[in-house]
Amino acid sequence: AQTVTQSQPEMSVQEAETVTLSCTYDTSESNYYLFWYKQPPSRQMILVIRQEAYKQQNATENRFSVNFQKAAKSFSLKISDSQLGDTAMYFCAFTLQTNTGNQFYFGTGTSLTVIP
Amino acid sequence: EAQVTQNPRYLITVTGKKLTVTCSQNMNHEYMSWYRQDPGLGLRQIYYSMNVEVTDKGDVPEGYKVSRKEKRNFPLILESPSPNQTSLYFCASSLYRRALSPLHFGNGTRLTVT
């Protein structure tokens with residue numbers, strides 16, 4: 001069975017500081033892809049960053065970067081220079097490409113509050 | 001504009017009254033799916049579809065039906081809604097067989113069943 005665990009239900013960070021959201025997953029597959037989604041109060045689901053499991057290099061998108069540790073099955077998200085607009089629920093997810101479709105598995109989310 | 005359109009955004013209904021939540025995408029995506037989001041549980045997949053006339057159950061299919069008669073549309077049907085189906089629902093789509101292709105989500109439907 002595939003699982004995604006986000007062990008921090010809530011976090012807060014001061015504006016302009018750096019915060020790291022943790023995510024671990026479990027799969028016996030070797031070919032998969034990892035994502036972080038952001039859900040602001042508007043409830044829209046927005047893709048933040050993606051990572052191919054076969055790539056060693058950690059993905060970066062502006063102030064967002066990941067620390068991907070394949071052996072440890074860990075995929076944490078680092079947000080640098082936090083802004084008020086980063087306040088949102090963050091979901092970690094991974095997907096497997098199977099014969100029955102691209103199955104997506106989501107964590108339970110981390111609610112991040114950026115404090116002015 | 002590439003998007004997934006979900007309607008309605010809010011829906012309040014009573015137990016047992018059939019309802020349909022519509023979902024349409026304009027990106028020619030093969031893969032479409034429905035999720036429900038509940039506090040503390042994250043997103044759980046209800047049904048998914050790989051292409052026209054191909055659908056399969058996700059993790060929580062009980063009480064739901066879907067159909068995929070056209071590539072762009074994937075409606076979610078609740079034949080006899082119950083209060084435990086009160087939730088936030090998302091439709092999503094992506095390119096099939098390109099696993100790095102992320103899910104594109106609709107804006108969600110907040111359903112309340114009384």
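Every chain is numbered from 1 and lettered A, B, ... according to where its sequence line falls, protein lines coming before strand lines.
Options B:G106, B:S49, B:G108 differ in how many heavy-atom pairs under 4.5 Å they form with chain A, and the most are formed by B:G108.
Heavy atoms closer than 4.5 Å to chain A are found in the backbone of B:L41, but not in its side chain. A:S111 does not touch chain B: none of its heavy atoms, backbone or side chain, sits under 4.5 Å away. Neither the backbone nor the side chain of B:R44 comes within less than 4.5 Å of any heavy atom in chain A.
In the hydrophobic cluster analysis, where Ile, Leu, Val, Met, Phe, Trp and Tyr join through side-chain heavy atoms closer than 4.5 angstrom, B:V60 is grouped apart from A:F91. A:F64 and A:F75 end up in the same hydrophobic cluster when Ile, Leu, Val, Met, Phe, Trp and Tyr side chains are linked at under 4.5 Å. Grouping the Ile, Leu, Val, Met, Phe, Trp and Tyr side chains by contacts below 4.5 angstrom, directly or via other members, places B:M50 apart from B:V66. Side-chain heavy atoms closer than 4.5 Å link hydrophobic residues (I, L, V, M, F, W, Y) into clusters, and following such links, possibly through other members, connects A:Y90 to A:L84. Hydrophobic clustering places B:F74 together with B:L19 (ILVMFWY residues linked when any side-chain heavy atoms are closer than 4.5 Å, directly or through intermediates).
Open room surrounds NZ on A:K78; 12 or fewer heavy atoms of other groups in view lie less than 6.0 Å from it. Atom CG of B:N84 is surrounded by more than 12 heavy atoms from other residues, nucleotides or ligands within 6.0 Å. Within 6.0 Å of the CD atom in B:E53, the count of heavy atoms belonging to other residues, nucleotides or ligands exceeds 12.
In this structure, A:F106 CZ and B:D59 CG are separated by 11.5 Å, a value rounded to the nearest 0.5 Å. Distance check, rounded to the nearest 0.5 Å: CZ of B:F105 to CD1 of A:I46 gives 11.5 Å. To the nearest 0.5 Å, atoms CE (A:M45) and CZ (B:F90) are separated by 6.0 Å.
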Notebook entry, point to check: Does the pair B:Y48 and A:F104 meet the rule for a side-chain contact (heavy atoms from CB on, under 4.5 Å), with working shown?
Noted result: CA-CA 10 Å; B:Y48 64 95; A:F104 284 82; over 6 Å; no
Checklist line | A:R43 vs B:Q37, side-chain contact (heavy atoms from CB on, under 4.5 Å): CA-CA, chis, key distance, verdict | finding: CA-CA 11 Å; A:R43 83 185 190 206; B:Q37 181 181 355; over 6 Å; no
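Judged by distance alone, the side chain of A:Y37 and the main-chain N or O of B:L103 form a donor-acceptor pair under 3.5 Å.
Residues A:Q39 and B:L43 fail the side-chain proximity criterion, which asks for heavy atoms closer than 4.5 Å.
Between A:T108 and B:G40, the closest heavy-atom pair is CG2-O, 3.4 Å.
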